[in-house]
Amino acid sequence: MSYYVTTPIYYVNDAPHIGHGYTTVMGDIITRWHRQRGEDVWYLTGTDEHGQKVLRKAEQNGVSPQEWVDRLVEDEWKPVLAKLDIANDDFIRTTDPRHEAGAQAFWTDVHERGEVYKGSFSGWYSVGSEEFVAEDDVTDGEGDDEGHKVSALDGSRLEHMTEENYFFPLSAYRDRLLELYRERPDFIQPASARNEIISFVERGLRDLSISRSTFDWGIPLPWDPSHVMYVWIEALLNYVTAAGYGVDDEQFERLWPADVHIVGKDIARFHAVIWPAMLMAAGRPVPHRVFAHGWLLVGGQKMSKSKANGIRPDELVDVFGSDAYRYYFARALTFGADGSISWEDIRARYHAELANGFGNLASRVSGMIGKYFGGELPAAGALDAAEETFVATVAEATTAADGAMDQLAPQDALTQVWRIVDDLNGYLTEQAPWQVAKDDAQRERLATILATAAEGLRVLAVLLNPVMPKACASLWESLGAEPTLGALADQRIADAATWGQLAPGSTITKVPSLFPRIEEEKPE
Ligand code: MSP
């Protein structure tokens, strides 16, 4: 059984900002966690390269669309994955031959099943969101958009178009979709997104234009190459073409249906309405769930390139490092709701939770083992009530964190893991090993305290590895765990809380400063 998770494929009209980074990092944390459960994980991300939005951007820059997308994918999109420590298993580009072949095979099949008809479209289109916009959602623009129509859905500027197109009879899927949402209550999550989608579908659906004939930057329709596929009905197919649809049946059987499509709520409708209807038309199973997360707000507004409040991932990673970046987005926001981010908040959490909380704990414990036991892990003696309480908290927090990850709530998982950080800090304050060390008669007690603390760090390294792989690798190294326990990535979540895994006698080295203080001020 595999665990197949996807991000949206991103438009390559511009360079990535932290909104794109957010989806990708959250998916990465969730999939790394599942890998540490020992599951057969497949994590997919990629780029959406066709359509008018990308075409116009290339034209503005005076290069061919192919040249433009190749340049952006190589110079901007792929490097950001390395920068954010993303362990994706595949990267699909919609200009990949495997995608073009798979998309054509899919629509040939749907066409042959009689699910496509020819008609003409006259109405409003948003190039910004590559979306046909219903009359009801058309309003008059203001400010920069004065004199233009804009979409009430996202404020993007609209253009009127009249074209001969092919259509997909989406309206006929209304009841089957409602039945799907009813039978599978967790198909769309969270509840806010689910309710929005259900009432949208209940109001009735319009048939969908699936082709464009006034430009050619797209994949030709197999039965009429004078049309290219409407970018969305092609882009959604990346989830199956990457899984081997039409090319590698064995891989496709293993991966499909996907477990979770992680998307921003702006594109939940495409994923929870159009996509399952397309799959139904092709007689294929629909994904298990579509999870719609909220928007990153900067100064109270949705962050986006067009509003010029778009922050590039490197602006934060270069100051705070990739671990803290990943931690911040997972911890400070509720996955599924909108959330405000700020430089001040990142900086404050960095110092309080990472530098003083986790980082300092790791260096203090390893430092004391160095000082009092020459860097050799002592064997614990009998555990007192204080140790028993801590061990019980670790077990409880580990189970609860695992459950939170199942609910796609990394923020709750981290709250649980931080019970361990806080309790261990409290335990050390109470037990005061630096005092105990003054009394030679209490050597065994000192050993018990520090061995307990080292075990606590071992558990933290395992549970935080999906979130902060760099810091945890360094901690694992300092704990001298690899020779007896094996690689950190091979440590299972289910066994994490099993006590007494570090071997007495292991060489403990002082943990380097995992989160050095940051003096830098917010850039202007
Ligand atoms: N190409 C389509 C998706 C096709 S999927 C078959 C697209 N691309 S996009 O480049 O506009 O990326 C949209 C995604 O980026 C959102 O769904 C969301 O995951 C992420 N975000 C973009 N801006 C964001 C915020 N301000 N906040 C949070 N996520 C944001 O739509």
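Ligands are counted one by one from 1 in listed order, and the atoms in each one are counted from 1 as well. Nothing here was measured: the structure is a model prediction, and the numbers come from that model.
Protein residues with a heavy atom closer than 4.0 Å to ligand 1 are Pro8, Ile9, Tyr10, Tyr11, His17, Gly19, His20, Thr23, Asp48, Trp232, Ala235, Leu236, Asn238, Tyr239, Gly264, Asp266, Ile267, His271, His293, Gly294, Trp295, Leu296, Lys302, Met303, listed by chain and number.
Of all heavy-atom pairs between Ala242 and Asp90, the closest is O-OD2, 3.7 Å.
Considering Val127, Asp137, Asp145, Val138 as possible partners of Leu158, the one that fulfils the side chain to side chain contact (heavy atoms under 4.5 Å, CB included) test is Val138.
Listed by chain and number, the residues in a ring pair (Phe, Tyr, Trp, His ring centres under 6.0 Å) with Tyr117 are Phe167 (sequence neighbours excluded). With sequence neighbours left out, the salt bridge (Lys or Arg N to Asp or Glu O under 4.0 Å) criterion links Lys53 to no other residue.
Sequence neighbours left out, the pairs with a member in residues 160-182 that pass salt bridge (Lys or Arg N to Asp or Glu O under 4.0 Å) are Glu163-Arg212.
Annotation: cation-pi geometry not satisfied between Lys57 and Trp68 (NZ/CZ under 6.0 angstrom from ring centroid, within 45° of ring axis).
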